[in-house]
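In what follows, a structure is listed as structure tokens, so that the remarks can point back to it.
We use all heavy atoms of the structure for the numbers below, so side chains are in, but hydrogens, waters and symmetry mates are not. Below, chains carry the letters A, B, ... as their sequence lines are ordered, and counting in each starts from 1.
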Amino acid sequence: MAQKITKREQDYSQWYLDVVKEAKLAEHSPVRGCMVIRPNGMALWENMQAGLDGMFKETGHENAYFPLFIPKSFLSKEAQHVEGFAKECAVITHSRLKAVDGGVEVDPESKLEEELIVRPTSETIIWDTYRNWIQSFRDLPILINQWANVVRWEMRTRLFLRTMEFLWQEGHTAHATKQEAVDETLQMLEVYRTFAEDYMAMPVITGVKTESERFAGAEDTYCIEALMQDGKALQAGTSHFLGQNFAKAFDVKFQDSDGDHKLVWATSWGVSTRLIGGLIMTHSDDQGLVLPPKLAPTQVVIVPIYRDDEQRAVVLEYGDSIYNELKELGIRVKLDDRDNYKPGFKFAEHEATGIPLRIAVGPRDVEKGNVELARRDTKNKSFESREGIGTLVQELLGTIQNDLFETAKKRRDEKTSEVDSYEEFKSVLEEKGGFVYAHWDGTAETEELIKNETKATIRCIPLTEGKAGKCMVTGNPSKQKVLFAKAY
RNA sequence: CGGGGAGUGGCGCAGCCCGGUAGCGCAUCCGCUUUGGGAGCGGAGGGUCGCAGGUUCAAAUCCUGUCUCCCCGACCA
């Protein structure tokens with residue numbers, strides 16, 4: 001049997017690329033650092049979008065769309081923000097080409113008076129717009145989300161995890177009070193946690209970023225951090241309390257019920273196609289992609305097995321009846337009736353693409369009134385009665401969803417350590433990797449030192465209360481242990 | 001952006017050192033036999049050798065430039 005996917009233990013990076021390729025999720029494009037998202041990958045993203053979008057709507061948000069281009073001057077209005085993004089912006093300087101013997105070149109006559117920036121994020125153009133929308137406290141809050149593409153000029157890219165152009169959603173809200181904005185920030189963090197755990201079956205730690213890891217322009221950046229199978233952390237989503245920074249920069253004020261003019265409080269929050277990278281590295285194995293049923297574009301595939309046309313007809317009819325029964329129940333099911341591939345090939349292919357459940361039916365099953373059920377996650381096979389298969393499949397999809405989460409959580413917990421000394425910290429990182437909780441004195445200097453010496457960064461200061469102690473490096477007081485890891 | 005590796009039919013590779021006009025496996029198409037874990041045999045189609053210059057009677061092969069991808073670092077979601 002041809003093994004097309006590199007083993008994880010052999011080369012984790014190559015394994016990741018092989019899974020993306022064999023699952024037909026995405027491929028490299030002719031443009032450096034940009035990917036082509038293939039139908040399988042897009043269908044997965046669409047399911048993720050649907051789940052998140054529903055949760056945004058439930059929490060009172062509406063979708064809108066703002067331009068891809070941002071006038072250069074907008075970006076320079078918030079000092080921290082500019083500094084954070086200046087180095088990775090694509091700049092549009094000209095508006096047209098002209099034909100020259102067989103080719104084209106930039107028409108120097110078309111130079112723009114003010115350059116346009118391809119959005120790396122949309123705070124600036126959105127806040128410039130909000131200024132016009134907000135006069136009174138009655139206009140608040142504004143709770144808007146947009147689904148969009150953004151561009152960040154990255155030097156080193158990896159499919160889904162870091163690409164120059166990526167798809168994401170960015171929520172931008174405006175509030176009358178600080179408390180309301182803080183509540184919103186935390187509410188959306190909780191939405192992300194729920195989505196990661198309930199839909200993606202990916203356990204996450206919620207926390208606050210340190211100053212050095214904070215979003216440019218934010219007062220506080222909250223995040224969800226997941227741990228991948230290779231022991232490296234992945235920042236999977238962020239929710240920012242922006243204070244009044246953008247309100248000040250874009251002069252967004254409202255008249256409150258007390259008659260005073262006040263600056264608006266802001267939040268922004270986002271998750272991107274990077275989540276797909278996280279999903280892959282959380283569940284997948286050496287056979288390929290493993291998907292949680294809630295997000296899998298196809299949840300069940302039926303593979304017919306037969307020898308001749310006569311058997312084919314019988315088996316297909318049988319398979320078709322199962323297909324209809326599952327479809328009636330709202331299960332995303334496919335009947336793989338392709339005649340040019342053998343069952344073994346189909347099995348391997350459906351495993352590589354991560355379909356959670358496979359039903360194989362052959363003449364023997366038709367005769368006995370059976371089906372063969374195979375789970376993608378455990379590779380467990382069993383024979384089940386055709387009777388009541390719909391309910392069984394429905395239950396099993398739920399079981400798989402739960403088991404994936406439990407397995408991932410167990411793996412995460414096994415790779416999570418707690419240390420008291422810097423020596424211990426270094427040896428744990430070296431030998432085991434993963435998440436490491438340790439005391440830190442709260443200074444950027446110590447954080448920097450640890451990063452330089454061990455390559456581990458503070459992923460977050462967990463929201464759960466911890467005990468006070470002494471910094472493992474300096475011995476200075478520490479309020480609680482913080483979460484360290486090497487990160488993607 | 002620094003270091004290393006690589007670009008040759010759709011995919012994976014050989015050929016390059018030592019220039020002589022491109023080959024293998026898989027995939028594709030046709031036919032027959034097959035079908036409970038990546039089928040077999042026979043036949044067929046498909047390549048400006050990443051791109052641009054240069055050297056030469058002659059370049060996949062030698063020289064220069066350039067683009068892209070992969071791995072490792074620095075930076076970041």
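- Using a distance-only test at 3.5 Å, with no hydrogens or angles considered, a donor-acceptor pair links the side chain of A:Gln229 to the main chain of A:Thr282.
- On the C1' atoms, B:rU61 is 9 Å away from B:rC17, given to the nearest whole Å.
- B:rC11 and B:rC16 are spaced 23 Å apart, taking the P atom of each and rounding to whole Å.
- Between B:rG19 and B:rA59, the two C1' atoms lie 6 Å apart (nearest whole Å).
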Fill in the blank from the handout: A correct dot-bracket answer for RNA chain B, with pairs being Watson-Crick or G-U at under 3.5 Å, [ ] for crossing pairs and | for inter-strand pairs, is ((((((((.[[[[.)....(..]]]].((((((.....)))))).....[[[[[..)....]]]]])))))))....

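- Of all nucleotides listed (B:rG36, B:rA74, B:rC11), B:rG36 comes nearest to the side chain of A:Pro363.
- Comparing B:rG12 with B:rG50, their P atoms are spaced 13 Å from each other, to the whole Å.
- Taking the side chain of A:Lys381 as heavy atoms from C-beta on, and the options B:rG37, B:rU35, B:rC72, the nearest nucleotide is B:rG37.
- The side chain of A:Glu88 lies closest to B:rC76 when the candidates are B:rG36, B:rC76, B:rC70.
- Atom name P, nucleotides B:rA14 and B:rG7: the rounded distance is 7 Å, in whole Å.
- Across the P atoms, B:rC26 and B:rG43 are found 14 Å apart, a figure rounded to whole Å.
- B:rG15 and B:rC72: their P atoms are spaced 27 Å apart (whole Å).
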